[in-house]
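What follows is a set of notes on a single structure, which appears directly below.
Each chain gets a letter, A, B and so on, in the order its sequence line appears, and its residues count up from 1.
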Amino acid sequence: MKISYTPKEIMTIMAAREIKNGDIVFSGTGISMLAAMAAKKINAPDSVIFFETGAMDSLLEEIPFAVADPRIMYWAAANSSLTDAFATMQNRITGDRVIAILGAAQIDPYGNLNTTCIGDYYSPDVRFSGSGGGCDVASFVPRCIAFMQHEKRKFVKKLDYLTSPGQLTGNGSREAAGLRPGGVSVVVTNLGMMRFDAHTGKMYLDRYYPGTTPDMILEHTGFAMDVSRAVQAAPPTDTELKILRENCDPQRLILGPVA
Amino acid sequence: MKISYTPKEIMTIMAAREIKNGDIVFSGTGISMLAAMAAKKINAPDSVIFFETGAMDSLLEEIPFAVADPRIMYWAAANSSLTDAFATMQNRITGDRVIAILGAAQIDPYGNLNTTCIGDYYSPDVRFSGSGGGCDVASFVPRCIAFMQHEKRKFVKKLDYLTSPGQLTGNGSREAAGLRPGGVSVVVTNLGMMRFDAHTGKMYLDRYYPGTTPDMILEHTGFAMDVSRAVQAAPPTDTELKILRENCDPQRLILGPVA
Amino acid sequence: MNNQLDKTMPLREAIRRYVKNGAHISIGGFTLNRNPMAAVYEIIRQKITDLHLYAHSNGTGLDELIGAGCIAKLEIAYGGNGKAAPTCIRFARAIQNNEILFEDYSNYMMSLRFMAGAMGVPFLPTLSGMGSDMLTTWGFSESMRLSDPKIVNKKLAVVDNPFGNWGGAKKVVAVPAINPDVTIIHVQQADIMGTCRIKGLTFADVEQAKASRHVIVTCENLVEKAVLRENPDMNQIPFIHVSAVCHVPFGGYPTAVYGHYDYDAQYLKQFAAAARDENAFTAYQDRFIFGVDNHEQFLKQVGKDRLEAVAADPRTGYSVNMKRD
Amino acid sequence: MNNQLDKTMPLREAIRRYVKNGAHISIGGFTLNRNPMAAVYEIIRQKITDLHLYAHSNGTGLDELIGAGCIAKLEIAYGGNGKAAPTCIRFARAIQNNEILFEDYSNYMMSLRFMAGAMGVPFLPTLSGMGSDMLTTWGFSESMRLSDPKIVNKKLAVVDNPFGNWGGAKKVVAVPAINPDVTIIHVQQADIMGTCRIKGLTFADVEQAKASRHVIVTCENLVEKAVLRENPDMNQIPFIHVSAVCHVPFGGYPTAVYGHYDYDAQYLKQFAAAARDENAFTAYQDRFIFGVDNHEQFLKQVGKDRLEAVAADPRTGYSVNMKRD
C-alpha cells in the first residue's frame, strides 16, 4: 500500500475526527490549530475555536503563530481576558463542551504531562516553557487530545515533573485528588492513537496507522502498554486530505514539506 | 441670630467639608449626591464621584435619581460592573482613598446601621430595601458619613437588624471580627454632627449647629451620648451656600423649599 | 447554551420553553435600569409560579414578579426602585405578610455569588459582612436546605485565610456560587446566534448570564453578525452562553435602556401608587399585563406619548430635561 | 495611584521614580503581544537589578529582562515567545545555570493571583492543579518566605469547600494574591490623567494594573480626555489606578500592538539567535539597548523598513501577508 500522506497530515486528521459538531475547541498554535481548522471544515462545521488569551470564535484569515497573535483578535464573537477564558473551561456548563489540544515534552502511562523540565526541577538539564494554561486545561476539560512525537524518552514511566494532571496514578486517583473527570483522553502521535482504560486509567493502544504495527509502537514507548485492543486506523480519506491541503494550510506553513 | 439656611443645606455643607481633595467619593443619590457635588465645587475639586453600579467620575449634567440612573453612564472615565465597583473599595490601594456616604433607618451607639427591617426579621413591622451595597461599603471603607434624621426611634440602643457594620460592640470588636478599621466615622443629622471615640468606638457629639444645643440633641437620641467634647459648628459660609444653591442644585430638586 | 446558528424565537416561546414552574431564575439590570421587562410581563402572563429568584438589586422587575405571585423564594440584596419606591412596595408587603421565603445578602455578596457560578468555583471570598446579621440570620432553614439539592447547605461561611495574615486578613467570608436554571437579560444589541453587546454599565448581567444553564436574551436591536464582529472588544457575552434570542424593541420599558430610552418616572409612580392598594393593583395588572397579549400590545396600551417622552438624547444616552418627579 | 490631573512624564523619569532596585514588578502583555518593551529597555538601560518579577506569559519582555540580569526572583506560568523561541532562551539558561530563583504556576493561577490582588482579597479559589507538582514543589523555601514579608508564607494551599460538595467540589486550590509595587503596561490610548483604552485582548493587564501600588502606562496615542469619555464602555482602567503616563509611540515594538503594528518576527528571530551565544548577546544589547539613549533612538537603530513592514492593516489590525518565518 502506498502511503500518500505525511505523518503530520494523518496526525491532524486523526485529531480532527475527535472533534464533534458543537464542540468548543481550546486550541494552541501549530498542528493543534490546524486540527481545529480541519475539523471545522470537514466534520464539525459548528465547532468553535477559542484561545486561552480570551478570543472566542475568531475569523482566522491567516494562521496564527502564537495564542497571543493579533490574528486571533479579528472578527471574534468577543475579545476578553485570560481570567474569562479559563473561567469558560472551569465553568461546567461551558467547560463540559470543551475539547482541548495540548502538547508536551513527556507523557506517562496515566496521561499526565510534563512541559516544565528534564532533570531536577531546581537545576534542570533542560528547562521548558512551563505550564502556561496546560495544567488548567488538563484540570478542567473532560476531553484533551495530546499531540506527541512517539519516542521512548517522551513516553516515560515517571515524569520528571508533573505539570498537567491526567489520571494521576490511575484507579480513580484523579477524582480522589479533587479534580473533575477529564484530562488527556487521546494521545495522537506519528505512529498511532492511544486512549485510557476507563477503570485503571492506563494508556492503551487504540489505533495504529497504516504502515505501523503495535510492536513498532511498543518499541517507541518507554513503558508497558496494552495493545490487545488495537486495530488499524482508517486512513485519511481523499476528501479529508483535499480539504486539509487546499482549504486549511495551502501554503503548508504548518504541514511542512509534502510526502 | 437669624438662620438663613435649611437643615438640608447645613447637612450638605457639613458632609461636603469632610471630603478632602483627591478623595474617591462613593455616593448614593439624593442628599449624598449633592454633598459629593458640593465638595467638588467648593473644597475638593479633584475628588472623584463613583457609584456601586460601576461608573467612575461621571459627568453629571443632570442630578441622578438612582445609582442605576442612565445619567451616571455619561462621560465617565470607565463604565464597568458591580463586581469591579466593589473591588475598588475592597482593594486597599484604592479603597483606603474612598469616603462613602450612607443613609439608614436606624443607627446604634457604635455606628452600626440597619437598612433591613423594623421588628422581627422573618415577620417585620416594616421591611426596608435591605443592604444593597451598604454592608460592603461599611466593611471596606475607612471613612463613612451617615446621613440621618435625628430622632429617638432612629438613634437606638440596639438595632432590630445589623445590616452594615460600624464598630460592632466597640473596643476593637470590629477588627476582632475580621473587618478592617473603618465603617461610619461621622454622622450628620439635621441637629448636629457625631463622631466615634477612637478607643471605645462609641458615638459622641462633636458639633451642634447654630440654633441647637447638646441637650436638644440628647433629647432626640435614644441612648446616652458623651456631649462633653461638643462645640458649635461653624455655620455654612456665604460662599458655600452660594455655590450649593446656584451651581449644585439650582432647581432645588434635592434641597427642596427655601428656608 | 448551544452553538446553533439561529436561536431567535418569539418571547412567548422562549419563556414557555425555559422558565418552568419552580425554576431558579435571575434577571438582569439594576433597580430602574435595563430590567428585562417584556420577559417579566410574559412570565406573569403565563402565570408561572413557585419561582426561586436570585436578585442583587432588580427593582422594577422584582416588584412586578412578586406582586403577581410568581415568586416563592427570594435571595436578594436590595429591593428598591429609585424615587418612586425607595423600598419596593410589593416586596415589602410580601415579606411583612409572610407570603414568600426570603434571605438577605449584600450587593457585592450576590454579585460575587453569580461570579463564582460563572467561574465554576463553589465559592468566592470577600472581606464584607463580618459582624453583620447577614452572616448569622438565615432566611432558609437548615432542614429546608438539606432537603433541596438546589439550595446550598449553609448561607455563608467564615473561613480562615490559609495564608496566615496575607492580604491583611486572618479570615474571609465565603459566599456560595449561584447557577440559575435560566437568566434573562435585556441588551441593546444581539445577533441571531446570541452574541450580546451591552451599552453603558453592565451591572452583574455578564456574570449572571455566564453562571446560568440557559440564557434568554431580549434585545432592542437584532443586528447582523458583522455589526458585532467588527468590534469584538465591545461584546460582553459570546453566543456559547445563550439559548434563546428574542427581538423585543422597548423590551426594557418602563426601565431605562442606555442610548435608547430613559426610565419612565411616571409609569413607575403609577405602579407604586397601584401597588399600595389591592384593588388598584388588580386593575393595573388587568390593564397592562393580562389585558394585552404581548409586549407590542403593552406598548400600545402605554401609548406613544410616553415612549416619545422617554426617548434618549443621542448625545447623553438619556432623556434630557425629562420630567422625573 | 492618584487623581492628579496631569501624570505625563518622560519614560526615563517614570522608571527612575517607581522601579527601584529590588522592587516587585509585573509587566503587561502576553508572549509577543503588547509587552511594554520601551519600558523594559529603559529598565535595562538604567541597570536596575534584583527585581522580583510576577509573570503569567510575558515572553519578549521577560527574556530581555532576564537576559540583562535585572531579575533575581521570578514567579511565572510560561516563558515562551512563539515560533522564534518556544521556550524563552535566556529564561531557560538562567534556570539551568541557577542564576535566578523561580517558582512555577499555571497561567490561570497567576491570572487569578493578580485578580485577587485587584479585588483586595487574600486569595481566590480554583479547581486547577490538584495532583500536579505545582502544588508540592516550591521554588522559594519556607525560610526565605518567612524572612521576607513581601512573599506569602505558602506557595499554594488546598482547602476544604466550606459548603460541602456544593459546586461539585469537595476541595479547592487557594492561590494567594499578588500586589506588585509597580505594574507597567502598554496601551493603545491613554489621556494625561491615566485613563486607558486597550484594543483587542486585554490578557491580564487590567487585573495586574488594579493589583498594583503604582502603575506606569506607556501609550501609542496620548489622546484628549474627550476621546475616551465619549465611550466609557471601551475604557478598562480608570485614572485612579495610574501613577505615570508616558507617551511612547511604538512602545510595544518588537511585540504586536493590535490596530497599530504586528510583532516583528525578524527582530524576535534575531534576538533568539543572539540569546543563544554570550558574545552575540552582548553585541545585541550594546547595539539596541545600551548603544541608544531612549526608545526613539532604538527605533532609529531598528530602522524605518522594519517599522513599515509591521504596520497594521486598518481592517484586520495586523500586518497582512507579512513574512513571519
- Item | Residues of residues 262-269 of chain C within contact distance of chain B, non-hydrogen under 4.5 Å |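 Near chain B, by residue number: C:Asp262, C:Tyr263.
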- Could you tell me which residues in residues 157-175 of chain C have at least one non-hydrogen atom under 4.5 Å from a non-hydrogen atom of chain B, sorted by residue number?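 Result: C:Gly167, C:Gly168, C:Lys171.
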Looking only at heavy atoms, which two atoms of [X] and [Y] are closest? And how far apart?
| X | Y | answer |
| --- | --- | --- |
| B:Ala68 | C:Phe30 | CB-CD2, 3.4 Å |
| B:Asn79 | C:Gly200 | ND2-CA, 3.8 Å |
| C:Ser106 | B:Cys135 | CB-CB, 4.0 Å |
| B:Ala66 | C:Thr31 | CB-OG1, 4.5 Å |
| C:Thr202 | B:Ser81 | OG1-CB, 3.5 Å |

Winner by heavy-atom pair count (cut-off under 4.5 Å) against chain B, out of [options]:
| options | value |
| --- | --- |
| C:Thr126, C:Ile76, C:Val206 | C:Thr126 |
| C:Ala256, C:Gly131, C:Gly139 | C:Gly131 |
| C:Cys88, C:Gly259, C:Ser111 | C:Ser111 |

Atom [atom1] in [X], atom [atom2] in [Y]: separation rounded to 0.5 Å?
| X | Y | atom1 | atom2 | answer |
| --- | --- | --- | --- | --- |
| B:Ser139 | C:Met134 | OG | CE | 7.5 Å |
| C:Leu127 | B:Arg92 | CG | CZ | 9.0 Å |
| B:Arg71 | C:Ser319 | CZ | OG | 7.0 Å |
| C:Ser57 | B:Leu82 | OG | CG | 7.0 Å |
| C:Ser132 | B:Asp136 | OG | CG | 9.5 Å |
| B:Ser131 | C:Tyr105 | OG | OH | 12.5 Å |

- Message: Just to verify, what does B:Phe51 make a ring pair (Phe, Tyr, Trp, His ring centres under 6.0 Å) with, not counting sequence neighbours?
- Response: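 For B:Phe51 there are no ring pair (Phe, Tyr, Trp, His ring centres under 6.0 Å) partners, ignoring immediate neighbours.
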Which atoms of [X] approach chain C - backbone, side chain, both or neither, heavy atom under 4.5 Å:
| X | result |
| --- | --- |
| B:Arg174 | neither |
| B:Ile72 | side chain |
| B:Asp69 | both |
| B:Ala78 | neither |
| B:Val137 | neither |
| B:Ser80 | backbone |
| B:Thr116 | side chain |

- Is it true that the side chains of C:Glu207 and B:Thr83 contain a donor and an acceptor less than 3.5 Å apart?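 On atom types as modelled, these side chains qualify, holding a pair under 3.5 Å.
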Please classify the contact between [X] and chain B as side chain, backbone, both or neither, with a heavy-atom cut-off of under 4.5 Å.
| X | value |
| --- | --- |
| C:Arg93 | neither |
| C:Asp205 | neither |
| C:Thr255 | neither |
| C:Asn98 | side chain |

- Query: Does any pair with a residue in residues 100-144 of chain B pass ring-ring contact (aromatic ring centres under 6.0 Å, His included), and if so which ones, sequence neighbours excluded?
  - Reply: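 Checked against ring-ring contact (aromatic ring centres under 6.0 Å, His included) - neighbours excluded - the pairs reaching residues 100-144 of chain B are B:Tyr121-B:Tyr161, B:Tyr121-C:Phe102, B:Phe140-C:Tyr108.
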Would you find a donor on one side and an acceptor on the other, under 3.5 Å apart, between the side chain of [X] and the backbone of [Y]?
| X | Y | result |
| --- | --- | --- |
| C:Asp133 | B:Thr163 | no |
| C:Gln96 | B:Arg127 | yes |
| B:Glu62 | C:Val320 | no |

- Message: Can you confirm whether more than 12 heavy atoms, excluding those of B:Lys202, are under 6.0 Å from its NZ atom?
- Response: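 No, NZ of B:Lys202 has 12 or fewer neighbouring heavy atoms, counting only those of other groups under 6.0 Å.
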- In this structure, are over 12 heavy atoms from other groups packed under 6.0 Å from C:Glu142 atom CD?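 Not buried by this count: 12 neighbours or fewer within 6.0 Å.
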- Do C:Leu112 and B:Phe86 come within less than 4.5 Å of each other through their side chains, counting heavy atoms only?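 In short, these two side chains do not touch, never coming nearer than 4.5 Å.
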- Report the option among B:Gly130, B:Ala177, B:Gly134, B:Gly132 that has the most heavy-atom pairs separated by less than 4.5 Å from atoms of chain C.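 Most heavy-atom pairs within the cutoff with chain C belong to B:Gly132.
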- Task: Would you mind telling me which of B:Pro124, B:Ser173, B:Cys117, B:Gly133 has the largest number of heavy-atom pairs within less than 4.5 Å of chain C?
- Result: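 It is B:Pro124.
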- Item | Chi angles and distances behind the side chain to side chain contact (heavy atoms under 4.5 Å, CB included) call for C:Arg315, B:Glu61 | CA-CA 12 Å; C:Arg315 181 179 67 91; B:Glu61 290 188 351; 2.8 Å; yes
